[in-house]
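Quick caveat, the model's predicted, so the values are computed rather than measured.
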Amino acid sequence: MTKKVIEIKNLKKYYGKHMGIEEVSLTVEKGEVFGFLGGNGSGKSTTIRCLLGLIKATSGQRTLFDGRYENLTQALNHIGYMPSEAMFYPQMKVKDVIAFAAKSRKIDCSQEAERLCKLLEVPLNKKIQDLSLGNRKKVSIVCALQHKPELLILDEPTSGLDPLIKERFFGLIKEACANGAACFLSSHVLSEIKENCDRAAIIKDGKILTIDTIENLTRSQTKRVTVWRAGHQESFNHTGSSTDLLAQLSDLNPDEFLVEEPSLEELFMHYYEEEAK
Amino acid sequence: MILLRHELKQGLKNLLIWSLSVGLICWACTLLYMSVKDSLANVADMYANMGKMSEAVGLDKVSLATLDGYFATEIALMFGLGAGMFASMIGATSLSKEEEGHTSEFLYTLPYGRLTVVFWKYLSLVVNLLIFNVICIGFEVLAVWQVNLDFSYDLLMNYHLLAFLMQVELMTLCFFISSFNSRKQTGAALGITLLFYAMDMMCRVAPDLEKLKYITPYYFASGAGVFSQSKLEAAHLIIAAIVIALSLVGAILIMQKRDLKD
């Protein structure tokens with residue numbers, strides 16, 4: 001049984017003199033949802049594009065499915081990829097795009113495609129050029145999932161999706177992983193990674209800051225707390241346990257309060273500081 | 001085959017617009033011969049004796065007083081330019097349209113190797129050209145039948161075989177250009193076609209520029225040359241075959257190596 005579905009070792013990509021990613025190493029295992037967290041231009045898409053052979057890595061190694069398949073083309077048959085932009089041929093109808101993707105894999109995906117289209121409310125008879133970003137994303141989800149791939153690579157998949165479809169989408173991802181698929185989920189939304197992933201890597205400026213389980217990554221996380229009392233607003237950071245926070249809030253006796261995730265930048269700073277120690 | 005069908009569907013509208021436009025122009029202009037044949041008969045000698053100007057368009061070899069001569073100079077000129085533009089445009093957009101339309105991430109992450117994509121895309125262009133030529137020849141033959149005068153159908157077919165080779169050469173050259181560009185190079189395609197056409201005119205007029213005849217494919221795909229049954233040097237065909245082979249191999253090598261833009 002293949003355990004390591006993705007194995008990246010010291011992957012480096014330079015665009016001329018400009019560094020895209022440097023020394024990126026990570027593994028994604030069968031059945032897990034692996035988060036890839038980073039801001040815009042941090043190197044998430046570059047890593048994914050190297051993995052899929054859309055761009056050539058300057059150096060380093062990437063192995064898919066433990067080298068089970070002879071070449072990348074064969075491996076691609078077992079991968080479902082959802083690009084961040086979700087662009088298709090504007091003149092084509094949605095159903096034709098989905099059918100084209102299925103035929104390219106030489107598998108009859110009609111039943112699964114139908115199920116996914118119903119669940120995600122995909123407008124099958126519309127032309128791509130008439131679709132909103134959200135609807136294009138839905139088409140992209142169907143194209144990525146209809147052949148029940150062993151590996152899902154999702155690059156910022158939820159932008160443009162409404163909360164209901166987002167929830168159904170993550171339901172589908174969890175269902176696929178429960179059936180043995182692995183998922184590599186890139187996002188800049190911390191809560192999305194926290195709620196849906198088993199492990200995650202944090203990438204900034206092309207370098208991996210840390211890789212750990214979600215539990216460990218968020219354990220030491222600072223929370224941003226805002227309280228409103230007698231018409232006054234007050235904010236502070238809380239780093240301790242939830243019990244401590246509840247005790248503190250009880251003392252403050254606020255009219256209202258809000259506990260927020262730290263921003264990505266705050267999380268990055270936290271790991272920078274940890275690295276410097 | 002899936003990719004071939006996909007590419008043909010993508011290019012169907014463009015193919016119909018170009019083939020119907022060029023075909024109808026050729027059809028209409030051939031029919032015009034009936035109304036101008038008497039006046040052309042009167043001025044044919046004058047056109048044939050305009051020195052270098054006559055040589056540039058082939059009127060020194062064929063006579064405008066015959067339907068063969070009219071077709072070889074007027075219709076072949078229009079068809080050659082239209083077909084050349086169509087061939088170079090489809091070649092120049094074939095590979096780069098994926099990056100310009102941001103569909104490269106979709107297409108190239110389906111289980112096709114890049115070589116496979118290049119192969120089917122190229123084949124779809126050849127099929128496009130074949131359909132284009134069949135439609136245009138159909139219109140021409142229809143018009144010649146309607147005119148109902150003596151006409152050399154075998155020379156028409158010879159001309160179209162050479163014109164097809166010229167189109168394949170232009171298309172493959174532009175296909176190569178398309179392989180290293182992430183934007184459709186329509187301007188470059190039209191520019192190359194017009195440049196080759198101008199080269200053909202120049203090499204016929206200026207003896208110093210005679211060598212240009214080995215560069216431009218319009219030289220061997222000359223209506224006047226075919227209908228006057230001038231002997232064609234094998235070198236022209238060999239050069240065309242080499243340009244096609246090198247451009248295709250170049251496109252394959254570049255596509256195998258290059259980074260695709262999202």
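- Atom CG of A:D155 and atom CD of B:E105 lie 7.0 Å apart (nearest 0.5 Å).
- Interface residue B:Q256: only backbone heavy atoms are found under 4.5 Å from chain A.
- Heavy-atom pairs under 4.5 Å with chain B peak, among A:Q74, A:M92, A:Q91, at A:M92.
- Side-chain contact between A:V97 and B:F106 is present, with heavy atoms from C-beta onward closer than 4.5 Å.
- Atom CZ of B:R183 sits in a sparse spot, with 12 or fewer heavy atoms from other residues, nucleotides or ligands closer than 6.0 Å.
- With a 6.0 Å radius and a threshold of 12 heavy atoms from other residues, nucleotides or ligands, A:K174 has its NZ atom above the threshold.
- Distance CZ/B:R258 to CD1/A:I55: 12.5 Å, rounded to 0.5 Å.
- Between B:D259 and A:R49 there is no salt bridge, since none of the side-chain N atoms of the basic residue sits less than 4.0 Å from a carboxylate O of the acidic one.
- Relative orientation of the B:H6 and A:Y89 rings is perpendicular, given thresholds of 30° and 60° on the angle between their planes.
- Counting heavy-atom pairs under 4.5 Å between each of B:I2, B:T116, B:T109 and chain A puts B:T109 at the top.
- Among B:E98, B:K9, B:R5, the residue with the largest count of heavy-atom pairs under 4.5 Å with chain A is B:E98.
- Between A:S104 and B:Y112, the side chains place a donor N or O and an acceptor N or O closer than 3.5 Å (distance only, hydrogens not considered).
- Here the OG1-CG distance, from A:T73 to B:L115, works out to 9.5 Å after rounding to the nearest 0.5 Å.
- When heavy atoms are compared at a cutoff of 4.5 Å, A:Y81 approaches chain B solely by way of its side chain, counted from C-beta outward.
- One finds the CE atom of A:M87 at 14.5 Å from the CG atom of B:L107 (value rounded to the nearest 0.5 Å).
- Summarising the local packing, NZ of A:K56 is surrounded by more than 12 heavy atoms from other residues, nucleotides or ligands at distances under 6.0 Å.
- With a 4.5 Å cut-off on non-hydrogen atoms, A:M82 does not touch chain B at all.
- Counting non-hydrogen atoms of neighbouring residues, nucleotides and ligands closer than 6.0 angstrom, the NZ atom of A:K166 exceeds 12 such neighbours.
- Closest approach of B:P111 to A:R105, counting heavy atoms only: CD-NH1, 3.7 Å.
- Within 6.0 Å of atom CD in A:Q111, 12 or fewer heavy atoms from other residues, nucleotides or ligands are found, so the atom counts as exposed in its surroundings.
- In this structure, B:L110 and A:F100 have side chains that are in contact, with non-hydrogen atoms separated by less than 4.5 Å.
- At a 4.5 Å heavy-atom cutoff, the contact between B:K257 and chain A is made by backbone atoms alone.
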